[in-house]
Amino acid sequence: MTRRLTFNGIVQGIGFRPTAKRIAAELGVNGTVRNSGGNVEIIMTAQTQALDEFVRRLVDLFEIKNYTEDVIDNQNFTSFEIIHSTRDNNTPFITPDLATCRDCEKELKDKNNRRYNHPFISCINCGPRYTIINTLPYDRENITMSPFEMCSKCKDEYTETPNRRCHAQTIACNDCGPVTNITVNEAVNILNNGKILAIKDIGGYHLACKTDYNETVTQLRNMKGRETKPFAVMFNSIDEIKEYCFVNDKEEEFLLSSARPIVLLKKKKDFNPNVCGNSDFIGAFLPCNPIQIMILDKVSPLVMTSANISGEPIITDDEKIKKFGVDILSHNREILTPLDDSIVQIVADRTQFIRRARGYVPLAIEINNTAKKDTLCLGGDLKSAFAFHRDKYVFMSQYFGDLEDEDVFRLYKSNIKRFSDLHGFKIERIAADAHPHYYSSNMFNNDITVQHHKAHIASVIAEHQLNGKVLGFALDGTGYGDDGAIWGCEVIRFNQKTFERVEHLDYTKMLASNETARNSDTALSCYLGGNTLIDTALKNNINTVMSSSMGRLFDAAASLLDIGHKNTYEGECAIALENAARRATEPINMNGSSNPKNILLQIKELKEKYPPNDIALGFHIMVCKMIYKIAVKYRKSENITQIALSGGVFNNRIITENTIKLLEEDGFSVYINEKVPCGDGGIALGQAFIASLEE
């Protein structure tokens with residue numbers, strides 16, 4: 001019997017074809033295997049039992065979304081061969097970039113191995129994928145390794161079935177692969193001399209320096225325009241991370257995963273204050289490629305931050321990096337799309353993405369709702385990320401940054417085209433944020449606009465594939481409301497068809513300028529008055545807006561308690577307030593209120609008697625209890641027991657952990673974003689869900 005099988009899923013760039021060939025040899029199955037567009041097609045002839053076992057093993061080994069099977073005219077095969085690829089129109093599931101595997105790392109450090117110290121060592125199990133693909137199918141001629149002709153030894157390995165580099169498209173060695181402009185030893189000397197080094201990595205350049213050179217770290221801050229935001233730190237091993245950080249099993253799993261994200265870990269031992277600032281956490285990560293491995297083996301730990309001016313895209317261009325005026329470790333393999341490091345944290349034993357990028361993009365998220373047309377979901381302008389919805393899968397882009405930056409906006413637009421071309425998507429329908437002045441919302445003639453906070457809640461419902469009624473709490477800094485006000489503390493009810501705002505923090509008249517978000521003292525004055533200029537503007541409605549923002553309430557509380565007065569990066573004052581709360585002896589009891597002015601007047605009275613840290617913790621617990629009280633109300637009136645939490649405020653560990661605890665101890669089922677960020681980087685997923693409801 002001859003069968004044709006087409007496998008759809010993560011089946012390219014991970015050794016599917018050579019694995020199929022090895023299994024076929026073991027089972028005596030003859031036929032062919034080839035990449036077909038983004039899928040893999042196998043034609044084979046054998047007894048039914050052997051064919052069934054062949055398929056079972058492949059399904060067990062790989063992340064196969066589905067496969068089709070049909071019987072065709074008998075064909076005579078004398079062996080099982082990998083044949084030339086073709087294209088098709090099926091949806092591809094492209095492999096993200098994968099960190100160097102243990103086998104390659106072992107060879108990299110083996111003086112007797114021919115790939116000893118090879119800066120681009122890889123195999124079917126590791127190496128760059130998404131960032132080097134020009135087009136599908138995933139073959140050598142379609143990736144940025146095409147200019148590098150394989151030497152005879154690599155060609156032999158490429159065709160040897162038992163070899164783990166059999167049909168590894170990134171195969172190379174010291175004799176035939178890409179080359180660096182300086183050696184690793186030269187790079188290490190630069191770092192040891194207290195200098196900053198630009199390193200070309202998988203998704204762009206990093207700027208690196210030693211953690212113990214305070215003046216160099218200060219220079220790096222000035223270079224990037226990054227006043228106080230903590231730097232990420234790269235370590236050479238999990239053991240070294242554990243010297244500085246507390247690490248639980250789940251955090252260790254992420255640190256060692258093939259995605260190699262930055263993981264926010266509780267500090268055990270600190271660096272000089274210039275590295276992580278006043279944060280209680282260290283953004284720790286491990287090397288993800290051979291160059292990083294070799295450098296960190298000789299000098300560690302290192303500040304390792306994206307090479308960009310704060311707010312701009314990570315640099316991939318070999319000429320642009322020169323503007324920093326630092327030493328450069330570069331190479332001659334092209335990067336096709338910029339990709340920052342992903343950032344995660346573990347909260348209440350759940351995964352939270354702060355930034356979803358390298359190692360995870362462009363993996364698809366499966367949801368219950370099917371798109372009848374290819375739908376482009378534009379996300380928002382802050383922490384921008386778009387998505388395409390096809391069938392029941394939502395393909396999220398990487399994080400880009402804020403679209404008010406011209407270079408970020410240009411990159412965002414160009415990547416919409418690259419993403420759609422690479423996957424074969426057609427822009428048949430467009431969903432955008434309801435904000436009338438967002439850059440993203442004004443790019444196209446949109447088919448549907450989606451209110452920001454409804455998208456937040458929809459993103460949780462989508463990724464957890466929830467059914468039935470859901471009560472959602474969307475807490476953040478800003479989002480354009482259905483009534484033209486600025487929303488930011490919203491209770492959204494979902495009844496399986498529609499999203500309805502049922503409660504919110506009372507409106508406060510605030511200045512509409514960005515200064516309100518940047519200066520917590522300004523926010524406080526909008527709530528309590530006392531600043532003559534601001535009072536006059538509010539009284540005369542000069543550039544004002546009504547706001548229900550929880551983010552601005554956090555800012556005002558930080559200002560009132562003299563904990564934070566300026567947001568040099570998003571959420572800085574709120575983070576300072578959380579840090580203070582974490583140092584509290586005990587929480588001060590506060591009465592919850594829908595009126596933010598009443599909450600702040602309580603704080604004003606309490607601070608005459610109690611320490612700021614204890615009041616800060618009391619404020620956090622009060623917010624958690626407010627959420628719990630509203631949830632109980634809707635359980636009694638409408639029997640809603642499913643709770644969704646989303647919006648940037650839920651990056652706050654104290655808020656998220658205590659809210660989940662209160663609700664779950666009383667029998668609620670609580671869901672947060674675990675596959676996309678709870679901030680604006682996840683709203684494209686919610687837009688996809690809501691758009692599909694309205695098709």
Side-chain angles (χ1 to χ4, degrees), residues 228-230 245-246 264-268 270 273 276-283 345-350 352 354 473 475-477 488-489 505 520-521 523-524 527 549-593 596 598-629 645 647-663 665 672 678-679:
T228 58
K229 189 175 183 180
C245 309
F246 296 96
L264 300 184
L265 302 170
K266 186 83 170 69
K267 280 181 184 175
K268 182 189 294 184
D270 207 353
C276 298
N278 295 321
S279 175
D280 292 340
F281 298 89
I282 295 174
Q345 65 179 7
I346 305 302
V347 178
D349 202 37
R350 293 160 163 88
Q352 276 194 316
I354 309 299
F473 293 83
L475 277 56
D476 62 7
C489 181
L505 196 66
S520 63
D521 296 340
L524 179 62
Y527 287 112
S549 171
M550 179 60 77
R552 297 295 77 78
L553 180 58
F554 267 80
D555 287 346
S559 172
L560 186 56
L561 291 170
D562 197 26
I563 288 170
H565 297 277
K566 187 178 179 183
N567 287 313
T568 64
Y569 61 91
E570 186 181 10
E572 182 175 1
C573 290
I575 291 169
L577 191 68
E578 180 186 1
N579 289 339
R582 196 173 286 108
R583 300 183 181 98
T585 304
E586 61 178 328
I588 301 302
N589 185 51
M590 291 184 61
N591 297 319
S593 173
N598 290 343
I599 292 172
L600 293 169
L601 288 173
Q602 276 190 80
I603 293 175
K604 189 174 183 179
E605 183 178 343
L606 289 168
K607 77 172 189 173
E608 301 299 325
K609 302 177 183 178
Y610 300 103
N613 292 354
D614 290 0
I615 300 171
L617 181 56
F619 173 80
H620 280 74
I621 300 303
M622 177 209 64
V623 172
C624 301
K625 288 180 177 178
M626 286 172 61
I627 294 170
Y628 169 72
K629 184 177 179 180
L645 309 176
V649 168
F650 289 105
N651 282 322
N652 183 309
R653 293 177 185 240
I654 296 175
I655 293 290
T656 303
E657 288 172 351
N658 284 278
T659 301
I660 290 173
K661 183 179 180 182
L662 279 171
L663 290 166
E665 285 181 349
I672 67 171
C678 65

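All values reported here derive from a predicted model rather than from experimental measurement.
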- prompt: Of R653, K266, K268, R582, which is the lone residue that meets salt bridge (Lys or Arg N to Asp or Glu O under 4.0 Å) with D280?
  reply: R582
task: List in chain and number order the residues that pass salt bridge (charged side-chain N to carboxylate O under 4.0 Å, His left out) with K267, two or more places apart in sequence or in another chain; answer none if no residue qualifies.
output: D270
query: Between D555 and N567, does any side-chain donor sit less than 3.5 Å from a side-chain acceptor?
result: yes
message: When you compare the side chains of H620 and N652, does any donor N or O come within less than 3.5 Å of an acceptor on the partner?
response: yes
query: Within a strict 4.5 Å, meaning less than it, do heavy atoms of the T656 and R350 side chains meet?
result: no
message: Minimum heavy-atom separation for M550 and V649, please, with both atom names.
response: CG-CG2, 4.0 Å
message: Would the distance check show the side chain of S520 and the main-chain N or O of G564 forming a donor-acceptor pair, the cut-off being under 3.5 Å?
response: yes
- request: Search all heavy atoms of L264 against all heavy atoms of G283 and return the closest pair with its distance.
  value: CD2-CA, 3.7 Å
task: Mind checking the CD-SG spacing from E657 to C624? Nearest 0.5 Å is all I need.
output: 10.0 Å
query: Considering only heavy atoms from C-beta outward, does the side chain of P230 approach that of Y569 to under 4.5 Å?
result: yes
query: How far does CG of N591 sit from CE of M622, to the nearest 0.5 angstrom?
result: 9.5 Å
- prompt: Nearest 0.5 Å, what's the CD1-CG distance between I627 and L663?
  reply: 7.5 Å
Atom pair CG (L645) and CG (L475), whose distance is rounded to the nearest 0.5 Å: 8.5 Å
- request: Measure from the side-chain N and O atoms of Q345 to the backbone N and O of N651, and report whether any donor-acceptor pair falls under 3.5 Å.
  value: yes
query: Less than 4.5 Å apart, any side-chain heavy atom of I672 and any of F650?
result: no
task: Determine, step by step, whether L561 and K607 satisfy the side chain to side chain contact (heavy atoms under 4.5 Å, CB included) criterion, reporting the C-alpha distance in whole Å, the side-chain angles of both residues, the deciding distance to 0.1 Å, and the verdict.
output: CA-CA 7 Å; L561 291 170; K607 77 172 189 173; 4.2 Å; yes
- request: Could you grab the distance from atom OG of S549 to atom CG of D476, nearest 0.5 Å is fine?
  value: 6.5 Å
- prompt: For A557 and I603, which heavy atoms make the closest approach, and how far apart are they?
  reply: CB-CD1, 3.9 Å
query: Are any non-hydrogen side-chain atoms of I621 and M590 less than 4.5 angstrom apart?
result: no
message: side chain to side chain contact (heavy atoms under 4.5 Å, CB included), that's the test. Do Y628 and V623 meet it? Break it down for me.
response: CA-CA 9 Å; Y628 169 72; V623 172; over 6 Å; no
statement: The reported gap from CG in N658 to NZ in K625 (rounded to nearest 0.5 angstrom) is 9.5 Å
field: Main-chain N/O of T568 paired with E572 side-chain donor or acceptor, under 3.5 Å
entry: yes
- prompt: What's the shortest heavy-atom distance between R552 and A523, and which atoms?
  reply: O-CB, 4.1 Å
field: Y610 atom OH, over 12 foreign heavy atoms within 6.0 Å
entry: no
- request: Would you indicate whether the side-chain heavy atoms of F619 and L553 approach each other to under 4.5 Å?
  value: yes
Over all atoms of both residues, closest heavy-atom pair of Q352 and C678: NE2-SG, 4.1 Å
field: Side-chain touch P611/T585, heavy atoms, less than 4.5 angstrom
entry: no
task: Return the minimal non-hydrogen interatomic distance between R583 and N278, and the atom names on each side.
output: NH2-O, 3.6 Å
